[in-house]
Structure formats: C-alpha cells, structure tokens
Enquirer: 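Below is one structure. I have some questions about it.
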Amino acid sequence: MADERIFLKIWRTVTRVPRGRVATYGQIALMTGLPRGARTVGWALRALPGDGRVGGVKVPWHRVINARGAISDRGGAGDGGIGRQAAVLRREGVAVSPDGRIRLGRYLWRGDRRPS
DNA sequence: CGTATGACGAGCC
DNA sequence: AGGCTCGCCATAC
C-alpha cells in the first residue's frame with residue numbers, strides 16, 4: 001500500500017464527497033495527505049479514465065471545484081467542459097450560476113470536520 | 001537525472 | 001475589486 005499511487009489515494013478521497021455537495025482541490029489534497037498538493041489533485045483527476053471509473057467505482061470528479069467556488073477551466077474541455085460539469089452538479093441539486101460559480105458556504109462538503 | 005507541465009492557491013500590485 | 005505572479009507537488013518527457 002505504501003507503493004500505492006498518489007492518484008489512487010486522491011481518487012478514493014474524491015469518492016467520499018457526497019452527492020449534492022462539492023469539495024475544493026485543496027480540500028481533497030489535504031484529506032489525502034498532501035497539504036499543498038491542490039495541483040496534484042487536478043493532475044490526478046486529469047488522469048482519470050474517460051468513463052471516470054476506477055476499479056469498478058465511479059469517481060465523482062465533477063464535485064471537485066476550485067477554492068473560488070468556480071468550476072475549473074481546462075481550456076477547451078475534453079470531456080464536455082465546464083458546461084457539462086455544471087449540468088451534472090445541477091442534476092444533483094447544486095445551484096450553479098450561469099458563469100459556473102457555486103456558493104461554497106452552502107454546498108461545500110464539511111466532511112473533513114470531525115464530529116464530536 | 002533535469003526540465004516542463006497543469007482540472008490549484010494565496011499573496012501582491 | 002480585478003488581474004498577475006510565484007510557490008507547491010507529483011507526473012511526463
């Protein structure tokens with residue numbers, strides 16, 4: 001497991017984000033054990049297979065957005081782009097403004113907070 | 001083995 | 001307030 005690729009760990013963390021909620025790259029990185037690895041999270045999601053499925057498990061990459069509460073622009077969009085991600089999120093109940101912004105205060109997943 | 005890249009983030013101008 | 005630069009980390013080449 002020590003040899004486990006960072007990507008796999010990241011994907012696993014992303015899988016924890018519940019439907020109807022979103023998480024930031026930095027948040028995922030932190031939960032994966034990479035305090036300053038937000039960019040690495042983006043790299044990992046970029047490396048996801050087309051069907052977004054790993055080991056038979058669907059990775060909800062669309063629930064990961066940047067710290068500004070906006071959907072990251074991969075410049076062109078190989079998978080359909082920002083519009084597609086926004087559509088999926090809305091389908092899950094997340095309000096996405098026309099310019100792709102999301103209210104973090106309302107939809108950000110707080111799963112990293114240890115419930116007392 | 002060194003350089004370049006990128007779905008980020010925080011700080012500075 | 002808005003935009004630009006620098007820093008971080010794990011891959012790709």
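Not measured: the values here are computed from a predicted model. Note on naming: letters A, B, ... go to the chains in the order of the sequence lines (proteins, then strands), and numbering restarts at 1 for each one.
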Enquirer: Would you say the side chains of A/R63 and A/Q85 form a donor-acceptor pair under 3.5 Å?
Expert: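 There is no such pair between these side chains.
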
Enquirer: Measure from CD1 on A/I10 to C1' on B/dA7 and round the result to the nearest Å.
Expert: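 These atoms are roughly 12 Å apart.
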
Enquirer: When you measure from the side chain of A/T40, which nucleotide among C/dC9, B/dA7, B/dT5 comes out closest?
Expert: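 Nearest listed nucleotide: C/dC9.
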
Enquirer: With A/H62, which of A/R91, A/E92, A/R84 fulfils side chain to side chain donor-acceptor pair (under 3.5 Å)?
Expert: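 Option passing the side chain to side chain donor-acceptor pair (under 3.5 Å) with A/H62: A/E92.
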
Enquirer: Assign A/L34 to base, sugar-phosphate, or nothing according to its heavy-atom contacts below 4.0 angstrom with the strands shown.
Expert: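 Since only primed, P, OP1 and OP2 atoms lie under 4.0 Å of A/L34, the category is sugar-phosphate.
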
Enquirer: Which heavy atom in A/S72 sits nearest to a heavy atom in A/R74, and how many Å separate them?
Expert: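 Smallest interatomic distance, heavy atoms only, reads O-NH1, 2.9 Å.
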
Enquirer: Take the protein atom CD1 of A/I28 and the nucleotide atom P of B/dC8, then report the distance between them rounded to whole Å.
Expert: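 Taking CD1 of A/I28 and P of B/dC8, I get 14 Å after rounding.
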
Enquirer: Can you tell me which nucleotide in B/dT5, B/dA10, B/dA7 comes closest to the side chain of A/R74?
Expert: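 From the listed options, B/dA7 comes nearest.
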
Enquirer: Please find the pair of heavy atoms, one from A/W11 and one from A/A44, that lie closest to each other, and give the distance.
Expert: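 Scanning both residues completely, I find the closest heavy atoms to be NE1-O, 3.0 Å.
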
Enquirer: Taking atom C1' of B/dG9 as reference, at what distance in whole Å does atom CG of A/D73 sit?
Expert: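 Rounding to the nearest Å, CG of A/D73 and C1' of B/dG9 are 17 Å apart.
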
Enquirer: Has A/R36 got a side-chain atom pairing as donor or acceptor with A/L34's backbone, closer than 3.5 angstrom?
Expert: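 No, the answer is negative, given that no donor and acceptor are paired below the 3.5 Å cut-off.
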
Enquirer: Using modelled atom types only, decide if a donor and an acceptor are shared between the side chain of A/Q27 and the backbone of A/L108 within a distance under 3.5 Å.
Expert: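 No, because the side chain of A/Q27 does not come within donor-acceptor range (under 3.5 Å) of the backbone of A/L108.
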
Enquirer: Whole-Å distance between B/dG6 C1' and A/N66 CG?
Expert: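 A/N66 atom CG is separated from B/dG6 atom C1' by 14 Å.
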
Enquirer: Check whether A/R90 reaches the backbone of A/V96 with its side chain - one donor and one acceptor, N or O, closer than 3.5 Å.
Expert: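 Flag set: sc A/R90 to bb A/V96 pair under 3.5 Å.
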
Enquirer: Which listed nucleotide (B/dG9, C/dT11, B/dA7) is nearest to the side chain of A/F7?
Expert: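 Of the options given, the side chain of A/F7 lies nearest C/dT11.
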
Enquirer: Could you state the CZ-C1' distance from A/R84 to B/dA7, rounded to the nearest angstrom?
Expert: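 Roughly 15 Å, once rounded to whole Å.
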
Enquirer: Could you state the atom-to-atom distance from CD of A/Q85 to P of B/dA7 in whole Å?
Expert: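 My rounded result for the distance is 13 Å.
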
Enquirer: What is the distance from CH2 of A/W43 to C1' of B/dC8, rounded to the nearest Å?
Expert: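 So the two atoms are 12 Å apart, to the nearest Å.
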
Enquirer: Atom CD1 of A/I71 to atom P of B/dC8: distance rounded to whole Å?
Expert: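 From A/I71 CD1 to B/dC8 P: 12 Å.
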
Enquirer: Could you list the protein-to-nucleotides 2-7 of chain C atom pairs, N/O on both sides, closer than 3.5 Å?
Expert:
unit_1, atom_1, unit_2, atom_2, d
C/dG7, O6, A/R39, NH1, 2.9

